[in-house]
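Heads up, the thing below is written out as structure tokens.
The analysis underlying the following values was restricted to heavy atoms, covering all of them including side chains, and did not include hydrogens, waters or symmetry mates.
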Amino acid sequence: MDYVRGEQICSRCGIVLSFRTIDQGPEWRAFSAEELQKRDRIGSPPTLTIHDKGLSTLIDRQNKDAFGKQLTPKRKAQIYRLRKWQSRSRVCSSSERNLRAAMAELERLSSQLGIPRDVKETAAILYRQALEKKLIRGHSIEVMVDAAVYAACRKRKIPHTLEDIERFSRMTRRELGRCYRLLLDKLEIIIPLISPLEFIPRFSSALMLSERTQQRAATILLLAREKGITVGKDPTGLAASALYIAAILEGERRTQREIATAAQVTEVTVRNRYKEIAQNLNIQLKI
DNA sequence: AAGACGAAAGTGGTTGA
DNA sequence: TCAACAACTTTCGTCTT
């Protein structure tokens, strides 16, 4: 089981048997050592994905204190005023309203993408920081949230491409990329370059390739990197062509078209990459 | 007939003056 | 800000299996 991605993967052939699985861990919630002792089963964790971090307190309408006693008239008036100001302040600040819309969009997108909760939280943090630095102004909430989700995926090494996000977003890849870059610049986030290796399991399961082939593709990629022919190249294209070569070597040939479709690149890119790699690593492919 | 190949022209993004 | 540039895409005609 890959709990981070919520995928059940066959350890022999690497095929993804199921995804978006249910966490089968203990059902009591525990977010600190103290809570672990109590084994509470109720209540939500303090989460950053709700606009007020899930920590809102409502002043109840019943004019009773914690012991159920009626309040004195003076106290009652005081509580009434508190209640009024609470309701006014809660959603009326513009950033609160913004966050409210943003977290709804975050919820929608992340459930469609099926990303795990910690990545969602990361995206929420990024968005909050962006909001504090006034980066949202001039952009729609939606596009910034989607860009934050992409950034969070990159940060947590979830192999999603911009195209994946684009599919569930109303935004274009270009706008998303622009806002993503803006986030990186202004928030000074360091995002590790995504390695082609990360895409291998994903493409392989789409192509029904065996574990052996995946291993082989991985070593091909590592050798290619040593030769220095991978810099500046599209990681998905590299992963695709390495898989193409590996599949042929392992007798599981796939057509360039199949590979290209799975990796969302063109045949031409697969072709160019694999020619380069085969030449540099002296791999003879009998066609 | 399908797959592989490669040339040519176009696109979006980076870089360096 | 603009031009040069590298990587990738699209398109299309040709060759191979």
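- Between the Ser241(A) side chain and the Gly237(A) main chain, a donor and an acceptor come within less than 3.5 Å of each other.
- If you measure from atom CG of Leu162(A) to atom P of dC8(C), you get 15 Å, rounded to the nearest angstrom.
- Here the straight-line distance linking atom CG of Leu113(A) with atom SG of Cys153(A) works out to 6.5 Å at 0.5 Å rounding.
- Rounded to a whole Å, the CD atom of Glu267(A) is 11 Å from the C1' atom of dA2(B).
- Applying the 4.0 Å criterion to OP1 and OP2 of dC5(B), one finds that Lys275(A) has a side-chain N or O inside that range.
- In terms of phosphate contacts, Tyr180(A) brings no side-chain nitrogen or oxygen within less than 4.0 Å of OP1 or OP2 of dG13(B).
- Distances shorter than 4.0 Å separate none of the side-chain N or O atoms of Tyr274(A) from OP1 or OP2 on dA4(B).
- Distances shown here put every side-chain N or O of Arg173(A) at or beyond 4.0 Å from the OP1 or OP2 atom of dG12(B).
- Straight-line distance from the CG atom of Asp185(A) to the C1' atom of dT14(B): 13 Å, rounded to whole Å.
- When the nearest nucleotides of DNA chain B are assigned to Gln256(A) and Arg174(A) by heavy-atom distance, the more 5′-ward of the two goes with Gln256(A).
- By the 6.0 Å contact criterion, CZ on Arg108(A) is enclosed, its count of non-hydrogen atoms from other residues, nucleotides or ligands being greater than 12.
- Pairing partner, dA6(C): none, since no Watson-Crick or wobble contact has both distances short of 3.5 Å.
- For dC8(C), one of the phosphate oxygens OP1 or OP2 lies less than 4.0 angstrom from a side-chain nitrogen or oxygen of Arg273(A).
- Listed nucleotides dA7(C), dG6(B), dT10(C) differ in distance to Thr266(A); the shortest reach to its side chain belongs to dT10(C).
- Using a distance-only test at 3.5 Å, with no hydrogens or angles considered, a donor-acceptor pair links the side chain of Arg254(A) to the main chain of Met208(A).
- Comparing dT14(B), dA7(C), dC5(B) by their closest approach to the side chain of Arg271(A) singles out dC5(B).
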